[in-house]
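Note on naming: letters A, B, ... go to the chains in the order of the sequence lines (proteins, then strands), and numbering restarts at 1 for each one.
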There are 2 protein chains.
Amino acid sequence: MPPQTANKECSLAVIKTACSNCNLRELCLPVGLSDDEMQRLDEMIQTRRRIKRGEHLYRAGQAFDSIYAIRSGFFKTDVLLEDGRDQVTGFQMAGELLGLDGISTEHHTCNAIALEDSEICSIPFSRLEGLSREIHNLQHHFHKVMSREIVRDHGVMMLLGTMRAEERLAAFLLNLSQRFTARGFSHAEFYLRMTREEIGSYLGLKLETVSRAFSRFQEEGLIAVQQKHIRILNIPGLKALMTHQPR
Amino acid sequence: MPPQTANKECSLAVIKTACSNCNLRELCLPVGLSDDEMQRLDEMIQTRRRIKRGEHLYRAGQAFDSIYAIRSGFFKTDVLLEDGRDQVTGFQMAGELLGLDGISTEHHTCNAIALEDSEICSIPFSRLEGLSREIHNLQHHFHKVMSREIVRDHGVMMLLGTMRAEERLAAFLLNLSQRFTARGFSHAEFYLRMTREEIGSYLGLKLETVSRAFSRFQEEGLIAVQQKHIRILNIPGLKALMTHQPR
DNA sequence: GTTATCGCTTGATCCACGTCAACCGTGTTA
DNA sequence: TAACACGGTTGACGTGGATCAAGCGATAAC
């Protein structure tokens, strides 16, 4: 392992990666690039790094210089207040980008933690800016990705501000299902990588409330839960839950 | 009024504007540009438009082609669900940008409504991308602005997910105060442009709860409220409210 | 195999905030 | 000047989800 890439925090292995033969290229940064352009992106992304379950990819306060694309695995991001309260701000899976929050102040503003053994591609941000000055498609796609993050956050705000517990959980499950589908996995059956407490933190609920809602969904035949294994039995039923009941 | 800029929805007047002599240039897009670069930005931003109180700057679903800088005035953005529920996602004041959410899908995803008579500068997005390919500072600053929006949204998620009613309102008031200060207004005395209901929607509370919290703050000598006129009497007291009480 | 730990479930109770409703002050219209 | 609409305040009451607590299954440590 070359010493200049060593890092006390993460077990890592530096591997030559290539966007051009990554099966996530339709979900990640290379969307819409020509072979030639993709090759130039390849040259920029030099390292693939392994992050073991439980380890931090970065921590709030650390200097920002790269964004990260998830090659495989599953992450959460969380922020914490001085008084110790914290909240999960998102769960990220393969093909999604991490670290966009750090651009603003040149320091990361949240923690990114692997929820399973994962691999990420580091993308030095200044080089991404450089390349996106030359490749219009890259520039535009990157802007779309940032904008999509803003739209996603608005969705979460909506969820936290106006939905009741069961609606939040239904929205959460449907969102996961849809993202797994986009990655070629079953839309109806998956393993949760996060605990009830982490789900609760993300949804603004206590873990007991999450657990009760899961049980309730099961009673009603909407899902089958066994620990972290989820089977969705009635998608329209879950959707109906979301589009009712004022608060 | 030139017909090509006419618009049924907004009363408008097209005026030649110039970032170079705008007193918001330290808050807005031109941050860190040289005189020369600023001039090029000037050329791109051709129109200043007036939006009267209550009018939409844009609506959810409309095609996106420009972002907007607020020259003067005050806006809210809100999203609404199919079932009629809606939520205010933000309040924007002079020097802030509107419309970033539209980049992602090429359509606006929320409504932007003036809460007082306002003036905005339209910035055609494709031209902004073009210019930011040439002016590194502009590119980088724009990325920072988008990232800042993401960080802001995380703050709101934190607020909605972990804080109780009075903490939320305290955080809201302190945030407004800080933003007014940055614009050279009093940090301790201001008029709210929005109703209790809009504040409540933003904070995930009912208007009655907002009203009660205001009254409570007044009883405790933290603020003086009279309708929309607010005087902050005890900033440390408000801050203390925020950094206590688990939930 | 035993023990400890962790995540999860479930029940009983409590309380912050929502709901419903009355009333009031201010600004607008006639 | 009256009448009205609108936003805000305040009280009484109800409830969804938090809190507290007990117990259990799965995994890890020894």
**OP:** May I ask you to say what B:Leu207 touches in the nucleic acid, namely base, sugar-phosphate or nothing, with a heavy-atom cut-off under 4.0 Å?
**Re:** base
Subject >> A:Glu166 vs A:Gln227, nearer the 5' end of DNA chain D by closest nucleotide >> reply: A:Glu166
Subject >> A:Phe64-A:His107 aromatic ring centre distance below 6.0 Å >> reply: no
**OP:** Could you tell me whether the side chains of B:Thr77 and B:Thr89 share a donor-acceptor contact shorter than 3.5 Å?
**Re:** yes
**OP:** State which of D:dT9, D:dT19, C:dG7 makes the closest approach to the side chain of A:Lys228.
**Re:** C:dG7
Subject >> Proximity to the side chain of A:Ala165 - top-ranked nucleotide from D:dT9, D:dG17, C:dG18 >> reply: D:dG17
**OP:** May I ask you to check whether B:Phe91 and B:Tyr202 place their ring centres under 6.0 Å from each other?
**Re:** yes
**OP:** Check the distance between C:dT9's C1' and A:Gln226's CD and give it to me in whole angstrom.
**Re:** 13 Å
Original post:
Rounded to whole angstrom units, what separation is found between the CE atom of B:Met163 and the C1' atom of D:dG17?
Top reply: 20 Å
Original post:
With the threshold set at 4.0 Å, does a side-chain nitrogen-carboxylate oxygen contact exist between B:Lys239 and B:Glu167?
Top reply: no
Subject >> Rounded interatomic separation in angstrom, taking CZ from A:Arg53 and P from D:dT27 >> reply: 11 Å
Original post:
Taking atom C1' of C:dG18 as reference, at what distance in whole Å does atom CG of B:Leu203 sit?
Top reply: 15 Å
Subject >> Distance-only donor-acceptor test (3.5 Å): side chain B:Glu208, base C:dC20 >> reply: yes
Original post:
Are A:Thr209 and D:dG17 close enough that a side-chain N or O sits under 4.0 Å from OP1 or OP2?
Top reply: no
Original post:
Counting side-chain heavy atoms from CB outward, which of C:dA16, C:dT9, D:dG7 is closest to B:Arg164?
Top reply: C:dA16
Subject >> D:dG11 base / B:Arg212 side chain donor-acceptor hit below 3.5 Å >> reply: yes
Original post:
Okay, side chain of A:Glu220, backbone of A:Phe217: is any donor-acceptor separation there less than 3.5 Å?
Top reply: no
Original post:
For B:Glu167 and C:dC17, what is the distance between atoms CD and C1' respectively, to the nearest whole Å?
Top reply: 14 Å
Subject >> Between C:dC17 (C1') and B:Leu160 (CG): distance, integer Å >> reply: 15 Å
Subject >> Gap between atoms CG and P, on A:Leu169 and C:dC8 respectively (whole Å) >> reply: 13 Å
**OP:** Measure the distance from CZ on A:Arg196 to P on C:dC6 and round it to the nearest whole Å.
**Re:** 18 Å
**OP:** Just call it for B:Ser215: base, sugar-phosphate, or nothing, with non-hydrogen atoms closer than 4.0 Å on any strand.
**Re:** sugar-phosphate
